[in-house]
Number of protein chains: 2
Amino acid sequence: MSLTHALLGFLGYQPMTGYDLKQRFDRSIYYFWNAKLSQIYPTLSKMKEEGWLTMEVEHQEDRPNRKVYSITAAGREELHRWLREPAAVAPIRDTFLIKIFFGGKLEKEEMLAQLRHHLALHQEQLAAYQETVRETIRQNVKATGQEREGFFWGLTLDRGIEYEDGWIEWCQEAIAKIETNFK
Amino acid sequence: MSLTHALLGFLGYQPMTGYDLKQRFDRSIYYFWNAKLSQIYPTLSKMKEEGWLTMEVEHQEDRPNRKVYSITAAGREELHRWLREPAAVAPIRDTFLIKIFFGGKLEKEEMLAQLRHHLALHQEQLAAYQETVRETIRQNVKATGQEREGFFWGLTLDRGIEYEDGWIEWCQEAIAKIETNFK
DNA sequence: AACCCCATGTAAGGCGTTACATGATTTC
DNA sequence: GAAATCATGTAACGCCTTACATGGGGTT
């Protein structure tokens, strides 16, 4: 399970609650992995039973108590084992490509509308990466001094940017082809 | 549900059995969508109850009977409606990127092994697209005369190739960066 | 007054995979 | 003799999303 190992990864930096972990997801790896709180909480419980985490309750007066999880030696070993294990290529599973594949059923203008809409979405995503995500990484490296880690965070971001760039170019080419040679 | 609409799409070309449909998936769109027979069969049943398909049993002597499904007018309308509906961007969900993100925990050589392995997988995938898939499309257009359809099949393949190319370049750059400036 | 933040969960349902079940014919 | 092809399914399980449940404190 990948969620388990992503949680181990973040807890390798420092002890945290499920709520904190959700925020880490939302602010860093959200563009290639995410989970809802309703999945994170039970997963943390199971990981504790597995012996990969320990938990301590931090009592608070005007807010709900915090359950702070820490990674154990067994947890670090499991993370390291998983990180070295060869990874399979992730399947694409993109419904948009199904729509393109059967695009012969659409009128020229209907198809162009789909493509233009998708182009806009990817352009937005790209802008978010270049502004928000890059800046988040910079601040994190500055605040924690994790330079080696920051290098790898940057690599995943580079891949995200290349991915969006690829989509944008493909959309633009597809639009051009349909506009000029079609119908 | 996207499986439903992919099935409608293929049945829009001609009536088929679940078994035939599985082969269509495996030979054309497998690189961005697929399904097992154990999911296809019950889905076809539901689609029939929904009124999008009709079914006729073709009796065979030495083999199991074939259940041939045909798309109805309602099915075609549903397909068309779905094709026009704006598509959201597919989430990436790539466990390999999680491994990269937490790559600071690995030794230089462990990380290079991961990257080289992944590079090889994407190179294989790319080769398959350029040989097998491109050829399958060519033959299909030739056999059925579906030139307009063939254009869109080609678009999805272009995207697949660009996707693999992107990964290959990224892997090569990542390997180079780690080999020269690291540890 | 309405909404967001903090902080924890449970329950139901959807989509997908893996395993189980059957069985004749053809190909290596 | 073993494996693949044809042809249909059911059952159990895993991962994930959505909805439900609680409730005080701060912000607009």
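The figures here come from the full heavy-atom set of this structure, side chains too, leaving out hydrogens, waters and symmetry mates. Letters A, B, ... mirror the listed sequences (proteins, then strands); counts begin at 1. Just so it is clear, the structure is predicted and the values come from calculations on it, not from any experiment.
Taking five base pairs at each end of the helix from C/dA1-D/dT28 to C/dC28-D/dG1 and finding the rotation axis that steps the C1' atoms of four pairs onto the next four gives two axes whose angle is 40°, to the nearest 10°.
By the salt bridge (charged side-chain N to carboxylate O under 4.0 Å, His left out) test, B/Glu124 is found to be paired with no residue, residues two or more places apart in sequence or in another chain being considered. Partners of B/Asp165 according to the salt bridge (charged side-chain N to carboxylate O under 4.0 Å, His left out) rule, which considers only residues two or more places apart in sequence or in another chain, do not exist here. Not counting sequence neighbours, A/Arg24 has no partner by the salt bridge (charged side-chain N to carboxylate O under 4.0 Å, His left out) test.
Put simply, CD on B/Gln114 and CG on B/Leu106 are 7.0 Å apart, with the number rounded to the nearest 0.5 Å. Annotation: the span from A/Leu3 atom CG to A/Thr43 atom OG1 amounts to 4.5 Å, rounded to 0.5 Å. A distance of 12.0 Å separates CD1 of A/Ile29 from CD1 of B/Ile92, quoted to the nearest 0.5 Å.
The distance from atom OH of A/Tyr41 to atom P of C/dA7 is 9 Å, rounded to the nearest whole Å. Atom CG of B/Leu37 and atom P of D/dA11 are 18 Å apart (whole Å). For A/Ile98 and C/dC15, the CD1 to C1' distance is 13 Å, given to the nearest whole Å. Taking atom CD1 of A/Ile92 as the reference point, atom C1' of C/dG16 lies 18 Å away to the nearest angstrom.
Listed by chain and number, the hydrophobic cluster partners of A/Val68 come to none, as no ILVMFWY side chain reaches under 4.5 Å of it. A/Val89 belongs to a hydrophobic cluster whose other members, connected by ILVMFWY side-chain contacts under 4.5 Å either directly or through intermediates, are B/Leu121. Under a 4.5 Å side-chain heavy-atom cut-off, the cluster of Ile, Leu, Val, Met, Phe, Trp and Tyr residues that includes B/Tyr19 is completed by B/Leu37, B/Tyr41.
For residues 108-141 of chain A, the set of pairs meeting the ring pair (Phe, Tyr, Trp, His ring centres under 6.0 Å) definition, not counting sequence neighbours, comprises A/Tyr31-A/Tyr129, A/Phe96-A/His118, A/His118-A/His122, A/His118-A/Trp167, A/His122-A/Trp167. Sorted by first then second residue, the side chain to side chain donor-acceptor pair (under 3.5 Å) pairs that include residues 87-103 of chain A, not counting sequence neighbours, number zero.
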Between protein and nucleic acid, restricted to nucleotides 14-20 of chain D and to nitrogen or oxygen atoms under 3.5 Å apart, what atom pairs and distances do you find?
residue : atom : partner : partner atom : Å
D/dC16  : OP1  : B/Arg93 : NH1          : 2.7
D/dC16  : OP2  : A/Gln39 : NE2          : 2.4
D/dC16  : O5'  : A/Gln39 : NE2          : 3.3
D/dT18  : OP2  : A/Lys36 : NZ           : 3.2
D/dT18  : O4   : A/Ser38 : OG           : 2.8

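Only A/Asp62, A/Arg63, A/Pro64, listed by number, bring a heavy atom of residues 61-71 of chain A to less than 4.0 angstrom from any atom of DNA chain D. Residues from residues 9-25 of chain B lying near DNA chain D, meaning a heavy-atom separation below 4.0 Å, are B/Thr17, B/Gly18, B/Tyr19, B/Gln23 in numerical order.
With B/Phe10 as reference, B/Phe25 is the one residue of B/Trp33, B/Tyr69, B/Phe25 to meet the ring pair (Phe, Tyr, Trp, His ring centres under 6.0 Å) rule.
The cationic atom of B/Arg148 (NZ for Lys, CZ for Arg) does not lie both less than 6.0 Å from the six-membered ring centre of A/Phe102 and within 45° of the ring axis.
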